[in-house]
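Remarks on the structure that follows.
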Amino acid sequence: MPPLSDTLIEKFKAVVGISGVITAPADQEPFVEEERGLYRGVCDAVILPATTEQVSQVVTICSENNLPITPQGGNTGLCGGAVAHGGIILSLKRMNKILNIDPLNQTMTVESGVILASIQAAAEDTGFLFPLSLGAEGSCLIGGNLATNAGGVNVLRYGNSRELVLGLEVVLADGRIWNGLRGLRKDNTGYDLKHLFMGSEGTLGIITKAVLKLFPYPKTKETALLALPGLDEAAQIFSASKENMGDSLSAFELISHTALSLTTKHISGIKAPFENVHAQYVLIEFTSPQEGSNLRDSVEAFLGGIFEQGLAEDGVIAESQSQALDLWRLRESIPEAQKIEGGSIKHDVSVPVSSIIDFLTKATNLVEAEMPGIRVCSFGHFGDGNIHFNLTQPKDMDRHAFMDQWNHFNRLIHDLVNSMGGSFSAEHGIGQLKVGELEKYKDPVELELMKTIKKSLDPMMILNPGKIIRNIQ
Ligand SMILES: Cc1cc2nc3c(=O)[nH]c(=O)nc-3n(C[C@H](O)[C@H](O)[C@H](O)COP(=O)(O)OP(=O)(O)OC[C@H]3O[C@@H](n4cnc5c(N)ncnc54)[C@H](O)[C@@H]3O)c2cc1C
């Protein structure tokens with residue numbers, strides 16, 4: 001594709017101002033670099049609009065000139081969705097205003113460029129919780145979260161991103177603005193279009209504003225880490241937690257011994273929480289919206305029962321907020337620790353919760369038989385059936401030789417997941433990384449329907465080309 005003409009650059013500058021158009025390669029660096037180093041982006045210009053109207057005008061110019069647009073939030077996505085291959089990167093960073101908080105309706109209206117952590121903080125300041133929470137929350141933007149339908153650690157209690165949204169404003173591929181910015185909890189007036197755009201990773205429209213659901217801020221919180229002899233016990237404790245603790249159960253994370261040992265080895269400030277080695281660990285969080293509730297007593301009684309039944313070998317309940325954060329840090333640092341340890345081949349998969357043990361057992365046998373010495377570093381959102389089945393290279397193997405096996409191991413694991421009725425991408429999306437997997441595993445009728453939708457909303461395929469849908473024929 002030829003570079004952008006000066007005339008087009010001037011047109012963009014006229015819309016967003018001189019500082020809103022970045023053409024110097026050195027200044028484009030943060031927008032073309034990608035978290036995992038799997039891809040490197042290329043673009044003619046980074047355009048930073050400050051209002052929905054500016055987004056609309058920029059998209060109109062692109063549409064008139066058949067110019068590809070890669071929408072970008074915080075650029076923290078894990079599937080290369082925000083990595084451009086020519087055309088413009090449309091960064092939403094400047095659209096960073098919180099527009100309204102409605103305490104009675106329990107909603108917050110935001111522009112799509114607000115950092116997730118700022119939304120959480122603004123909610124907390126007014127006594128509310130915005131429950132979306134994930135490792136990248138200090139840098140990802142809400143538009144990116146919604147465009148990827150991000151999951152995170154509180155899905156068990158509050159649902160995925162799409163369940164936290166009442167309304168959206170979206171700029172379409174021809175520049176029109178769809179105003180669906182409604183704060184309604186009931187609205188059965190035909191197709192619910194907002195769900196088309198959430199999870200579409202910028203391939204159907206550009207999310208510019210959202211009405212988000214807020215929840216009462218939990219006044220009490222108890223966080224516990226339990227050490228278990230095996231996976232069966234994790235399943236039994238999960239089932240018992242749901243039965244006995246009801247809605248107070250807000251997170252239930254599984255951490256394998258390998259995952260925990262890598263964090264204590266590599267991440268400074270993280271100490272081994274237990275003296276002995278155990279096969280699995282679960283990090284459980286319970287919350288209550290009531291001040292002075294007897295949550296602590298209930299949790300202690302519940303965990304006492306767990307120990308009496310011999311389901312856990314050791315355990316710790318956080319005595320302070322900072323101890324709770326330390327326990328979460330242990331969980332959130334696993335990917336960083338894996339990176340330091342060497343090559344890792346990743347699988348973000350889901351199966352029905354009732355099939356997790358079966359999956360983990362079969363998948364572990366499969367990969368260990370394939371490559372002796374490979375280390376299964378599994379962890380994830382057990383309560384959602386979502387396991388990050390990550391493989392760390394054998395200790396003495398060359399990193400590159402191991403990473404060359406990425407597709408081979410993906411095939412083994414994704415075939416297994418598919419045979420169990422699961423998903424090869426539970427929460428990270430498709431981007432460009434998993435386009436081939438989508439074509440292989442998606443039901444053909446479903447894939448046809450997806451292409452039909454793409455064709456009708458973006459017939460010129462200028463919105464994030466090469467992501468999710470490669471062609472519409
Ligand atoms: C340390 C770490 C931990 C993570 N943990 C989790 C986790 O627990 N759960 C989980 O689900 N994900 C997780 N992720 C990945 C997660 O999807 C992203 O971090 C986040 O949701 C993406 O937001 P972003 O603003 O960075 O989007 P980007 O990376 O900038 O973009 C992601 C996709 O959305 C599109 N997009 C961005 N903004 C818009 C917009 N306004 N309109 C239309 N399309 C847009 C882009 O084109 C791209 O396809 C993690 C990532 C990291 C680095």
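Order of appearance sets the numbers: ligands from 1, and atoms from 1 within every ligand.
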Within-cut-off N or O pair, [X] and ligand 1, under 3.5 Å:
{"X": "G74", "result": "yes"}
{"X": "L134", "result": "no"}
{"X": "Q72", "result": "no"}
{"X": "L141", "result": "yes"}
{"X": "N464", "result": "yes"}
{"X": "G81", "result": "yes"}
{"X": "L92", "result": "no"}

For ligand 1, which atoms sit closer than 4.0 Å to a heavy atom of [X]?
{"X": "A150", "result": "11 (O), 21 (O)"}
{"X": "C140", "result": "20 (C), 23 (O), 24 (P), 25 (O), 26 (O)"}
{"X": "I206", "result": "42 (N), 43 (C)"}

Looking at F31, does the NZ or CZ of K93 lie under 6.0 angstrom from its six-membered ring centre and within 45 degrees of the ring axis?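 Yes, a cation-pi geometry.
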
Residue pairs, two or more places apart or on separate chains, that pass side chain to side chain donor-acceptor pair (under 3.5 Å) and touch residues 138-155: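 Not a single pair qualifies under side chain to side chain donor-acceptor pair (under 3.5 Å).
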
Are [X] and [Y] close enough that a side-chain donor and a side-chain acceptor fall under 3.5 Å?
{"X": "N390", "Y": "Q338", "result": "yes"}
{"X": "Q280", "Y": "H257", "result": "no"}
{"X": "E427", "Y": "H388", "result": "yes"}
{"X": "Q72", "Y": "S91", "result": "no"}
{"X": "T52", "Y": "E169", "result": "yes"}

Ring-plane angle category for [X] and [Y], please: parallel below 30°, perpendicular beyond 60°, tilted otherwise.
{"X": "F409", "Y": "F402", "value": "tilted"}
{"X": "H414", "Y": "Y441", "value": "perpendicular"}
{"X": "H85", "Y": "Y39", "value": "perpendicular"}

Can you name the side-chain contact (heavy atoms from CB on, under 4.5 Å) partners of V211, sequence neighbours left out?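 Checked V211 against side-chain contact (heavy atoms from CB on, under 4.5 Å); matches are T107, T109, L166, L181.
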
Where is the nearest protein heavy atom to [atom]: which residue, which atom, and how far?
{"atom": "atom 46 (C) of ligand 1", "result": "P71 O, 3.1 Å"}
{"atom": "atom 17 (O) of ligand 1", "result": "T148 OG1, 3.5 Å"}
{"atom": "atom 43 (C) of ligand 1", "result": "G205 O, 3.5 Å"}
{"atom": "atom 11 (O) of ligand 1", "result": "G151 N, 2.7 Å"}
{"atom": "atom 14 (N) of ligand 1", "result": "L78 CD1, 3.8 Å"}
{"atom": "atom 12 (N) of ligand 1", "result": "H428 CD2, 3.6 Å"}
{"atom": "atom 29 (O) of ligand 1", "result": "G77 N, 2.7 Å"}
{"atom": "atom 51 (C) of ligand 1", "result": "T76 O, 3.5 Å"}

Heavy-atom proximity to atom 21 (O) of ligand 1, best of I207, V153, N145: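 Looking at heavy atoms only, N145 sits closest to atom 21 (O) of ligand 1.
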
Test item, S112 contacting ligand 1 (heavy atom, 4.0 angstrom):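 The answer is yes, since S112 has a heavy atom less than 4.0 Å from ligand 1.
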
Student check: side-chain heavy atoms of V316 and L225 closer than 4.5 Å: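 Result yes, sub-4.5 Å side-chain heavy-atom pair found.
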
